[in-house]
Amino acid sequence: MESNQSNLHNSLLASEADSQRTLYPYVTGTSVVAIKYKDGILMASDMGGSYGSTLRYKSVERIKPVGKHSLLGASGEISDFQEILRYLDELILYDNMWDDGNSLGPKEVHSYLTRVMYNRRNKFNPLWNSLILGGVKNGHKYLGMVSMIGVNFEDDHVATGFGNHLARPILRDEWHENLSFEDGVKLLEKCMRVLLYRDRSAINKLQIAKITEEGVTVSQPYSLKTFWGFSAFQNPTVGAEGSW
Amino acid sequence: MSQVAVEAPPKGGFSFDLCRRNGMLSKKGVPPPSYRKTGTTIVGLIFQDGVILGADTRATEGPIVCDKNCEKIHYMAPNIYCCGAGTAADTEAVTDMVSSQLQLHRYHTGRESRVVTALTLLKSHLFKYQGHVQAALVLGGVDVNGPHLHTIYPHGSTDTLPFATMGSGSLAAMSVFESKYREGLTKEEGIKLVCEAICSGIFNDLGSGSNVDVCVITKGQKEYLRNHQSPNPRTYVSSKGFSFPKKTEVLLTRITPLKEMVEVIEGGDTMEE
């Protein structure tokens, strides 16, 4: 019975072994949030890599610079993110080898990633990531997102994972053109704080990365201040002793 | 003679007869039919003088909005109100039932109802039905012990919180609360924050929409602000209104009064039914 099923499975998918396809993510990163501000792009993510429900790795850098003009942030499977960085490395290397004074900008890198993600999805072997690509080239700011099935779009503020539900409402209300650097960081910290409170795979160690025409700066890891002192938390059963 | 089991009449309440069949079907790989989520954003928060509850007003049947302006804030007692998310029939029935139980309890004790009483009645009922009564509630009120705010989940667990959100829009509303709530808000600030949270749910969640209802409960007084904000007005309204092209022609008018037709026999024996 079982061998019949696996034969059927194999003939349907025409692949040598199912272990070659990504079926589930194993080590995952949680949300990344990014906004356009006056001088460029600001991107924030925490540094956690969860292995299922265990917080296995606490120093995973999920935001990396790509070439001269772009920043890539990823949530989802960490090994697939590392594979994507290798692909992009090769891409940037070939670009540099032309040595013609041109360099790939964020729009081009975003387009490349969209093609890669969509093609992998068509082969039923996805790269299990939601990617955020941000950058500045020749004064034009660009911020785009690609999901693991190849859905891509460009916007003024993007978020992946839980950030879609928790950060996007805040960004829709409070983002505006020409935020200063301090205001942008405050806005991102507001989103990351809500994510820290309400996302179980978030940890209190985050990095904020900035990209402008001058270049990329990725901050040192730091933590946010949290507040737990509500009076309702102190003694919730004050009205009915013994209940919860 | 074979033993014939007499069918005991159903005693009311939930019948768990089909659970074994459902279990067998799901083991065979047949997925159960999905429940219709009614999609909601309901919130509550504690401010310096009491409790403020808020809710959106959209009721959905799958992908269709069946009621554009329904009431999700239910009366429990003069000092206690309850917002309901989940299956609309379940929230209505369960809040109605506990409201009448509280009324009887008030007659029995001669005192104002307490929020923990409503909480215990609701949670025991929901736990008894093991989550099949799909009502997720935000219960708030002010009694002798001060303002209280609780959330009740369909399986019967409860939380006591300074601010709470439930429903499909709960994450959008919670993001507003987590970033802007602080203790000791005034009434105006509290109402403004509740409206912001509900609007966040209305505009960022597809299951919530239409208007914002707010209910402010303080010691000895309550304010039920129905449609406090209407951020979704109908944009294009025809100024001409409706006019039917052809009027129905009246050919003949004859009025027959029916009172004289019926004979009323006073006295005598009552009729055989």
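Lettering follows sequence order; numbering is per chain, from 1. What you see is a predicted model; the values in this text were computed from it and never measured.
Ring orientation note: the planes of B:Y181 and A:F230 are tilted relative to one another, at an angle of 30° to 60°.
Few gaps surround NE2 on B:H74; more than 12 heavy atoms of other groups in view lie less than 6.0 Å from it. The number of heavy-atom neighbours closer than 6.0 Å to OH of A:Y222, taken from other residues, nucleotides and ligands shown, is above 12. Enclosure of atom NE2 in A:H176 by more than 12 non-hydrogen atoms of other residues, nucleotides or ligands within 6.0 angstrom is indicated. Few gaps surround NZ on B:K219; more than 12 heavy atoms of other groups in view lie less than 6.0 Å from it. For B:K180, the NZ atom sits in a packed shell: over 12 heavy atoms of surrounding residues, nucleotides or ligands are nearer than 6.0 Å. By the 6.0 Å contact criterion, NE2 on B:H228 is enclosed, its count of non-hydrogen atoms from other residues, nucleotides or ligands being greater than 12. Atom CG of B:L206 is surrounded by 12 or fewer heavy atoms from other residues, nucleotides or ligands within 6.0 Å.
With respect to B:E178 and A:R198, a salt bridge is recorded, a charged nitrogen being found less than 4.0 Å from a carboxylate O.
Within the model, atoms CD1 of A:I170 and OG of B:S179 stand 4.0 Å from one another, a figure rounded to the nearest 0.5 Å. Here the CZ-OG distance, from A:F162 to B:S175, works out to 12.0 Å after rounding to the nearest 0.5 Å.
With contacts defined as side-chain heavy-atom distances shorter than 4.5 Å, the pair A:F233/B:L161 qualifies. Side chains of A:S231 and B:E183 form a contact here, defined as non-hydrogen atoms less than 4.5 Å apart.
Contact annotation for A:R172: only side-chain heavy atoms (C-beta onward) come within less than 4.5 Å of a heavy atom of chain B. Of the atoms belonging to A:Q234, not a single heavy atom falls under 4.5 Å from chain B. Proximity to chain A (any heavy atom under 4.5 Å) is restricted, for B:F203, to the backbone atoms N, CA, C and O.
Between A:L166 and B:L171, the shortest heavy-atom distance links the atoms CD2-O, 3.3 Å.
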